[in-house]
Colleague: 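If you scroll down you'll find the structure; I have some questions about it.
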Amino acid sequence: MTDKQPRIRAKITNDWVDYPHNDLPNAAWFFRERIKRAFAEKERTDGIFLDMMACVTMIAFSLEGYVNFCGAKLLDGKPDEWKDFERETVREKIKAIRKITGIEIDWNKRPYVTTAKLVDLRNMLAHPKAHKAEPREWIAEGTDSAFKKMLRDYEPEWVKIISEAFIDEAYEDVEAIWNSLLAAAGIEEHESWSGGSQGFELIDFLPPEN
């Protein structure tokens, strides 16, 4: 039986800052490793595509989290500008950071060229809508078996985009963008980590409860 601890009055301090953008790339990394192992060990099942969907989503959310963090740091003390920034798309937010910092961005080359597909996938998965096949009717020549296989193997365009190669490219490019934004904004990496101080300070002891 343990000794009963005395009751005390204390001043509690919880000066902690949580940056969720740290957790999102951790989740992306976790799914990416699972996907790589599954392909390497040839354990491809229907479930692997669900991991791929989750991974792409986490990578896209990481990009948005990174951009929001840099924007918040750069616009600290400017609530009106931050309000306008916060309402913009990820691409427009990056343009705003470019305007502030002078960072050079080429939307037609990696790593930034990847953002278009990534953001489109993110928006599609976050706000799903019906996608009708295109084209929907045409004349073809072949065998009955060939036509059945073609229709059986049909995949929407967004499904075709989500591949192991795209996941690797998107993950690497988003991390490259993150590092370039930090450098352009003059932010040290440790400033982006969650953390702070916690503790309590004894004021006095209280009488035991009856």
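Values reported hereafter were calculated over all heavy atoms of this structure, with side chains retained and with hydrogens, waters and symmetry mates removed.
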Colleague: Which pairs pass salt bridge (Lys or Arg N to Asp or Glu O under 4.0 Å) with one or both residues in residues 175-185, sequence neighbours excluded?
Modeller: none
Colleague: Please examine the side chains of Asp120 and Trp158, heavy atoms only from C-beta on, and report whether any two atoms are closer than 4.5 Å.
Modeller: no
Colleague: Apart from Phe200 itself, what residues make up its hydrophobic cluster, given side-chain heavy atom links below 4.5 Å?
Modeller: Ile8, Ile12, Leu202, Phe205
Colleague: Output all residues satisfying ring-ring contact (aromatic ring centres under 6.0 Å, His included) with Phe61, sequence neighbours left out; order by chain, then residue number.
Modeller: none
Colleague: Find out whether Phe166 and Leu121 are in side-chain contact, i.e. whether some heavy atom of one side chain is under 4.5 Å from a heavy atom of the other.
Modeller: yes
Colleague: Could you measure the distance from the CG atom of Leu74 to the CD1 atom of Ile187? Nearest 0.5 Å is fine.
Modeller: 5.5 Å
Colleague: With sequence neighbours excluded, what pairs up with Asp106 under the side-chain hydrogen bond (donor to acceptor under 3.5 Å, both in side chains) test?
Modeller: none
Colleague: Sequence neighbours excluded, which residues qualify as side-chain hydrogen bond (donor to acceptor under 3.5 Å, both in side chains) partners of Glu155?
Modeller: none
Colleague: Which pairs, with at least one residue in residues 195-207 and sequence neighbours excluded, count as a salt bridge (Lys or Arg N to Asp or Glu O under 4.0 Å)?
Modeller: Arg9-Asp204
Colleague: Who passes side chain to side chain contact (heavy atoms under 4.5 Å, CB included) against Asn22, sequence neighbours left out?
Modeller: Tyr19, Trp193, Ser194
Colleague: Among Asn14, Asp15, Thr13, which residue meets the side chain to side chain donor-acceptor pair (under 3.5 Å) test with Gln198?
Modeller: Asn14
Colleague: When you compare the side chain of Thr114 with that of Pro111, does any pair of heavy atoms fall below 4.5 Å?
Modeller: no
Colleague: Hey, can you pull the donor-acceptor pairs under 3.5 Å for the side chains in residues 47-55, sequence neighbours left out?
Modeller:
unit_1 : atom_1 : unit_2 : atom_2 : d
Asp51  : OD1    : Arg34  : NH2    : 3.1
Asp51  : OD2    : Arg34  : NE     : 3.2
Asp51  : OD2    : Arg34  : NH2    : 2.9

Colleague: Are the side chains of Glu164 and Asp168 in touch, meaning some heavy atoms are under 4.5 Å apart?
Modeller: yes
Colleague: Show the nearest heavy-atom pair for residues Trp107 and Lys95, with the distance to one decimal.
Modeller: CZ2-CG, 4.0 Å
Colleague: Check which hydrophobic residues are tied to Ile203 through side-chain heavy-atom contacts below 4.5 Å, counting indirect links as well, and list them.
Modeller: none
Colleague: For the hydrophobic clusters of this structure (ILVMFWY residues joined by side-chain heavy atoms under 4.5 Å, transitively), does one cluster hold both Tyr66 and Val17?
Modeller: yes
Colleague: Pairs in or reaching into residues 64-82: which pass salt bridge (Lys or Arg N to Asp or Glu O under 4.0 Å), with residues at least two apart or in two chains?
Modeller: Glu64-Arg122
Colleague: In chain order, what residues pass the ring-ring contact (aromatic ring centres under 6.0 Å, His included) check against Trp29, with sequence neighbours excluded?
Modeller: none
Colleague: Less than 4.5 Å apart, side chain to side chain, heavy atoms only: is that true for Leu75 and Ile100?
Modeller: yes
Colleague: Nearest 0.5 Å, what's the NZ-CD1 distance between Lys117 and Ile162?
Modeller: 11.5 Å
Colleague: Are Glu86 and Lys83 ion-paired here, with the side-chain N under 4.0 Å from a carboxylate O?
Modeller: no
Colleague: Between Ile59 and Ile167, what is the shortest heavy-atom contact and its length?
Modeller: CD1-O, 3.8 Å
Colleague: Check whether any side-chain heavy atom of Met58 lies under 4.5 Å from a side-chain heavy atom of Arg32, and answer yes or no.
Modeller: no
Colleague: What pairs of residues pass the side-chain hydrogen bond (donor to acceptor under 3.5 Å, both in side chains) test when at least one of them lies in residues 176-185, not counting sequence neighbours?
Modeller: Tyr112-Ser180
